[in-house]
2 protein chains.
Amino acid sequence: MSRAKAAVKKRAYHHGDLRDQLVAAAEAIILERGVEGFTLREAARRAGVSPAAPAHHFKDAKGLLGEVALRGFRDFGEALDAGDRRGGDDPYRRLMEQGNAYVNFALKHPARFQLMFAHGKYDITYPGLAETGDKAFRVLERAVRAAYAANPGDDLSPDAYGYLMAVWSIVHGFAHLTLGGEFDWAARQRGGGKDTILKHFLPLTLKHLPLPSR
Amino acid sequence: MSRAKAAVKKRAYHHGDLRDQLVAAAEAIILERGVEGFTLREAARRAGVSPAAPAHHFKDAKGLLGEVALRGFRDFGEALDAGDRRGGDDPYRRLMEQGNAYVNFALKHPARFQLMFAHGKYDITYPGLAETGDKAFRVLERAVRAAYAANPGDDLSPDAYGYLMAVWSIVHGFAHLTLGGEFDWAARQRGGGKDTILKHFLPLTLKHLPLPSR
DNA sequence: TAGCTTATCTGTACAACGTTAAGATGGAGT
DNA sequence: ACTCCATCTTAACGTTGTACAGATAAGCTA
């Protein structure tokens, strides 16, 4: 009997799949109760193990959330990359598609996104996390480099930096404010929820995305 | 001997100024340890009272933080209003000044700002909070109304809504990302901290603030 | 001034949390 | 068959938020 099979059998002393199931439980808890509602003991309870069991897979509670954040940044980076590719050759379209992907990811995976930018909640020194986060961020930088025709390795021009920050700010701000419910009045006007925001108000907003000056 | 005077004397059974000092302690804790590091007991300790004392002034821990958030939104609204007035008659300048005020407030009062947008940390039903928050955000709406020449009471046009959300997103995103340390690479490049971001990178970013189409 | 009322604070207690230490279990490799 | 050791449990400790009963003193009424 394999380890994974043993996991479905109840009360096996050795869980067999605890690490992954702790991550899954953590994501579920954050989704249900918000980042604030997460507790390590609850995650252990859902996985059917004692409160001390997670210590054998993660340094502490913030370590487990570090793994959740890492997986979030990995998928996030891939989503941005897919958006970038959808943009083809046009620098503006590449940035526009990335912006759409950015907000779409946030609204499709609110638990992950909220955690990823909830500083202090997870261990930022978790192995691989910094690299994975940087990788995601560099997808955006790459598109800005192309838009400003910067050679690889060269520093971006001040204006290119400003543009990079402006684009990042507008999509991140929109995602953060939407998840925070600050645009609920807008959704209520159209009688819808997240879908309305994504399909109706995001395009309305992103059409004001600044154009790269070169 | 007045109540306030009694407060400085040590170990008076009745504190005399507990409510305000709990708020001050809470802000100090958040500033030092981040929103995550706040505990009610620590606030009580700093005010020199027992852990049960705050209950007579606030329903619970989230109630105290609700008061902190309320005071934050009050000052925030006033800062935005001052910016709006600095903008004079020019709609774009009004919005630009408000944007500057928005980010400046966030960087000058990081503890308050982080708390204000930390959903789940404070009691959103705290008396007066919703009204104070709405009031602050209506300062921005008012300027957009002027820019789009909307009559008071009328609904904004879809494009005006989109513009409102875009402007709000870009300044909020910039503030949130800066406080989260996401622009540290930029500050490091210029060898500075928050001041560098405020004085150098904010103008560079806000110059991409979209213009109202009418 | 004396007595009563009430707001404010203390002391104690409890459940839940994160984390650690010591011991139990059983799969994997020799 | 035997040993090793990763994995899990049980038990315990200190900290947290909060409830409850009682202590204190400030303010009001007479």
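Sequence lines set the chain letters: A, B, ... in the order given, protein chains first and strands last, and positions in each chain run from 1.
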Dump every N/O contact between nucleotides 14-16 of chain C and the protein below 3.5 Å, one line per pair.
none

| message | Determine whether His109(A) and Gln114(A) satisfy the following criterion, side-chain hydrogen bond (donor to acceptor under 3.5 Å, both in side chains), listing intermediate values before the conclusion. | response | CA-CA 9 Å; His109(A) 310 282; Gln114(A) 279 188 271; over 6 Å; no
| said: Using whole Å, what does the distance between atom P of nucleotide dC8(D) and atom CZ of Arg19(A) come to? | reply: 12 Å
| request: Answer with yes or no after comparing the ring centroid distance for Phe183(B) and Phe174(B) against a 6.0 Å cut-off, counting only values under it. | output: yes
| Is there a donor-acceptor contact under 3.5 Å from the side chain of Tyr148(B) to the main chain of Tyr161(B)? | no
| said: For Met165(A) and Glu182(B): C-alpha separation, side-chain torsions, deciding distance, then whether side-chain contact (heavy atoms from CB on, under 4.5 Å) applies. | reply: CA-CA 10 Å; Met165(A) 292 189 291; Glu182(B) 314 291 350; over 6 Å; no
| message | If you take any heavy atom closer than 4.0 Å to DNA chain C, which residues from residues 52-69 of chain A end up in contact? | response | Ala52(A), Asp60(A), Ala61(A)
| query | Please walk me through it: do Arg145(B) and Leu156(B) pass side-chain contact (heavy atoms from CB on, under 4.5 Å)? | reply | CA-CA 7 Å; Arg145(B) 292 194 97 86; Leu156(B) 288 175; 3.8 Å; yes
| field | Spacing between Leu22(A) atom CG and dT19(C) atom P, to the nearest angstrom | value | 13 Å
| field | Length of the line joining Leu40(B):CG and dC17(C):C1', which is rounded to integer Å | value | 16 Å
| task | Starting from C1' on dT18(D), measure out to CG on Asp123(B) and report it in whole angstrom. | result | 15 Å
| request: Please report, rounded to the nearest Å, how far the C1' atom of dT8(C) is from the CG atom of Asp20(B). | output: 15 Å
| Flag, side chain of Asn104(B) to backbone of Asn100(B), donor-acceptor distance under 3.5 Å | yes
| query | Taking atom C1' of dA26(D) as reference, at what distance in whole Å does atom CG of Asp17(B) sit? | reply | 16 Å
| query | Just how far, in rounded Å, is P of dA26(D) from CG of Leu18(B)? | reply | 15 Å
| Aromatic ring pairing Phe137(B)/Phe73(B), orientation class (parallel under 30°, perpendicular over 60°, tilted between) | perpendicular
| task | Classify the ring geometry between His172(A) and His176(A) as parallel (under 30°), tilted (30 to 60°) or perpendicular (over 60°). | result | parallel
